[in-house]
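Note that these values count all heavy atoms, side chains included, but never hydrogens, waters or copies made by symmetry. Sequence positions, counted from 1, serve as the residue numbers for this chain.
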Amino acid sequence: MSIYNDDELVAPAWINKEFLEKVLSKYENNENVEIIKFDMSPASVKGDHYASIMFRCRVNYRFAQNASPVKRSLIIKTLPMEEGMKREMLMESRLFETEIAMYSEMLPKIEKILADCGEPTKLCADLIYHSLDPHKVIVFEDLCELGYNTIRNRFLTDEEIKAVFRKVARLHAVSYMLGHSEESEMVTKYQDGFLNSSMPMVEQMINDGIIHFTEMLSKHQDLAIYHEKITAMKGELSRKCKNLYRAYALNQGVGDIFVIIHGDFHLKNMMFKFSKKNKMEDLIMVDFQGSCYAPANIDMLYSQVMMMSSEMRMDRNEYMLYYFEEFLRILKKIQFKGEYPLYSDFQMANLKYRHFVIFLIASFLPMIAILALTPAEEQKDINLAKLLEDPNAKGQLYEAPAFVEEIRKIMPILLREGYLD
């Protein structure tokens, strides 16, 4: 089997010479773009992402018959062509609309504010082109050409994860400031988060995860107390998780630290740049389809389950304090004049939204070990779409020894801290 997703082996027929000339003519602001040649290939390997399909396009072009050719590498993101759950989800949702708005409006605005206050920051790849009709498509610069790559087969080091938290703290802090300014509508309009959706797949993911999780707990006598606790929480899980994403509308914008969240804050949505001596120089977040204006806790709780190693998870409060101190530092740097949130507010909100923690553990933690630590060559036998869509296939992950042992570590801590109430 291939290390690439089946639906990314061949690009859609409409990604052709005419399309690329249209893209580059607009980007270069020159109608005389002529494509000399181009080559298409998959832009990621199995396990890197779900739903959208992405291609790398290496293109040579020129502006006049005898002009020197220009070489450029593009990343083209669009919908899968085959009918199925992935295409249906993307057609019914506003994921592409959200990502286009983030890359064309929100992220450049935040980058400018940071640069103006002496904190120059590259938050995302440059946007080359976007369209919703006749095809939903976004074209980015190729970050790999700039030296950025995805980390595979391991978790992040202490230095790396702190760099991640510094970067997301900047996104959060500036958007927090904008939410308390006369330009607040610029951020508050983002209300289409992942669990806001009414798509059947979302409800299925919540329900399947908690069913498999409680079944696993019931099979181990030493986990019986947690089975009882999770079973008691199960009935409220879906509503509580969805209300977290709707918190701004439900609570009239009060009671939480509202920011623009990344929304799918996991390791595969980070690209890192290292020096020749293997020293980390920068990182960039990718995939802003799930961004919305919601409590900052969503990204940070997400990171605890989806990004941290087992050892880091034991020290998660130290990392949360590190993030929050950077969040406050940036608020001061951009001269925010309003009331500053407290770390105690942030921590109490984590507990308030404890059902979301259980959802993450029940639905996503079983997949982390297999996707984060499995070499790319071995991932060719892993069908991420099947794991997300087929309850029976996903159910097999819950008996993996690594997952059961992680549950034995984390559940006593969650019990003592009140997360299982």
Side-chain angles (χ1 to χ4, degrees), residues 1-20 22-23 38-59 72-100 102-103 124-145 148-150 152 192 194 197 199 201-202 205 263-264 266-271 284-291 367 371 376 379-390 393:
M1 296 179 68
S2 172
I3 64 171
Y4 302 111
N5 294 301
D6 292 342
D7 52 8
E8 293 175 330
L9 294 175
V10 179
W14 56 264
I15 302 179
N16 52 25
K17 181 175 181 287
E18 290 72 26
F19 171 76
L20 293 172
K22 178 181 178 181
V23 168
F38 69 95
D39 176 68
M40 301 290 296
S41 61
S44 60
V45 300
K46 284 181 176 177
D48 277 2
H49 69 99
Y50 173 75
S52 305
I53 56 175
M54 295 197 299
F55 301 91
R56 174 169 285 105
C57 177
R58 291 190 168 90
V59 57
R72 191 177 294 278
S73 185
L74 308 172
I75 300 298
I76 302 175
K77 184 174 186 176
T78 187
L79 274 65
M81 298 305 293
E82 291 187 10
E83 295 297 329
M85 186 178 289
K86 291 200 295 182
R87 180 174 174 83
E88 180 183 345
M89 179 186 77
L90 290 169
M91 289 296 292
E92 291 180 358
S93 73
R94 288 183 51 81
L95 294 175
F96 268 78
E97 287 83 349
T98 294
E99 188 156 35
I100 287 170
M102 285 293 294
Y103 274 94
C124 61
D126 288 350
L127 180 65
I128 304 293
Y129 175 86
H130 62 84
S131 179
L132 295 172
D133 185 59
H135 305 285
K136 291 187 176 185
V137 59
I138 311 177
V139 182
F140 306 101
E141 67 176 338
D142 187 351
L143 290 172
C144 289
E145 294 293 305
Y148 292 86
N149 280 289
T150 304
R152 296 188 175 92
D192 295 299
F194 167 50
S197 172
M199 292 181 294
M201 180 184 177
V202 172
M205 184 180 297
D264 196 13
H266 62 78
L267 182 55
K268 295 299 179 69
N269 280 337
M270 308 288 147
M271 295 187 71
I284 287 180
M285 296 176 280
V286 301
D287 193 355
F288 287 86
Q289 290 184 328
S291 293
M367 292 187 287
L371 294 178
Q379 288 198 23
K380 65 184 181 181
D381 298 321
I382 298 172
N383 188 330
L384 179 59
K386 188 172 183 180
L387 290 177
L388 289 170
E389 298 171 12
D390 183 347

Legend entry - Pair Ser44-Lys268, side-chain contact (heavy atoms from CB on, under 4.5 Å): steps then yes or no: CA-CA 10 Å; Ser44 60; Lys268 295 299 179 69; over 6 Å; no

Looking at [atom1] of [X] and [atom2] of [Y], how far apart are the two atoms once the value is rounded to the nearest 0.5 Å?
{"X": "Ile100", "Y": "Arg94", "atom1": "CD1", "atom2": "CZ", "result": "10.0 Å"}
{"X": "Met285", "Y": "Ser291", "atom1": "CE", "atom2": "OG", "result": "8.5 Å"}
{"X": "Ile138", "Y": "Leu132", "atom1": "CD1", "atom2": "CG", "result": "8.0 Å"}
{"X": "Ile128", "Y": "Ile75", "atom1": "CD1", "atom2": "CD1", "result": "10.5 Å"}
{"X": "Arg56", "Y": "Cys144", "atom1": "CZ", "atom2": "SG", "result": "4.5 Å"}
{"X": "Cys124", "Y": "Met271", "atom1": "SG", "atom2": "CE", "result": "13.0 Å"}

Inset, instruction - In sequence, state the C-alpha distance, the side-chain angles, and the governing distance for Met40 and Ile76, and then conclude on side-chain contact (heavy atoms from CB on, under 4.5 Å). - result: CA-CA 10 Å; Met40 301 290 296; Ile76 302 175; 4.3 Å; yes

Inset, instruction - Could you tell me whether the side chain of Thr78 and the main chain of Lys136 form a donor-acceptor pair under 3.5 Å? - result: yes

Inset, instruction - Check whether any side-chain N or O of Asn269 sits under 3.5 Å from a backbone N or O of Asp264 as a donor-acceptor pair, and report yes or no. - result: yes

4.5 Å side-chain heavy-atom contact, [X] and [Y]:
{"X": "Cys57", "Y": "Ile15", "answer": "no"}
{"X": "Gln289", "Y": "Thr98", "answer": "no"}
{"X": "Phe38", "Y": "Leu74", "answer": "no"}
{"X": "Pro12", "Y": "His135", "answer": "no"}

Legend entry - Ion pair check, Lys77 and Asp287, cut-off under 4.0 Å: yes

Legend entry - Salt bridge flag under 4.0 Å for residues Arg58 and Glu145: yes

Inset, instruction - Please check if atom NZ in Lys17 has more than 12 non-hydrogen atoms from other residues, nucleotides or ligands closer than 6.0 Å. - result: yes

Compare every heavy atom of [Y] with every heavy atom of [X], then report the nearest pair and how far apart it is.
{"X": "Ser52", "Y": "Pro80", "value": "CA-CD, 4.5 Å"}
{"X": "Trp14", "Y": "Phe19", "value": "O-CB, 3.3 Å"}
{"X": "Ser73", "Y": "Asp142", "value": "OG-OD2, 2.6 Å"}

Legend entry - Identified ring pair (Phe, Tyr, Trp, His ring centres under 6.0 Å) counterpart of Phe288 within the set Phe140, Phe96, Tyr103, Phe194: Tyr103

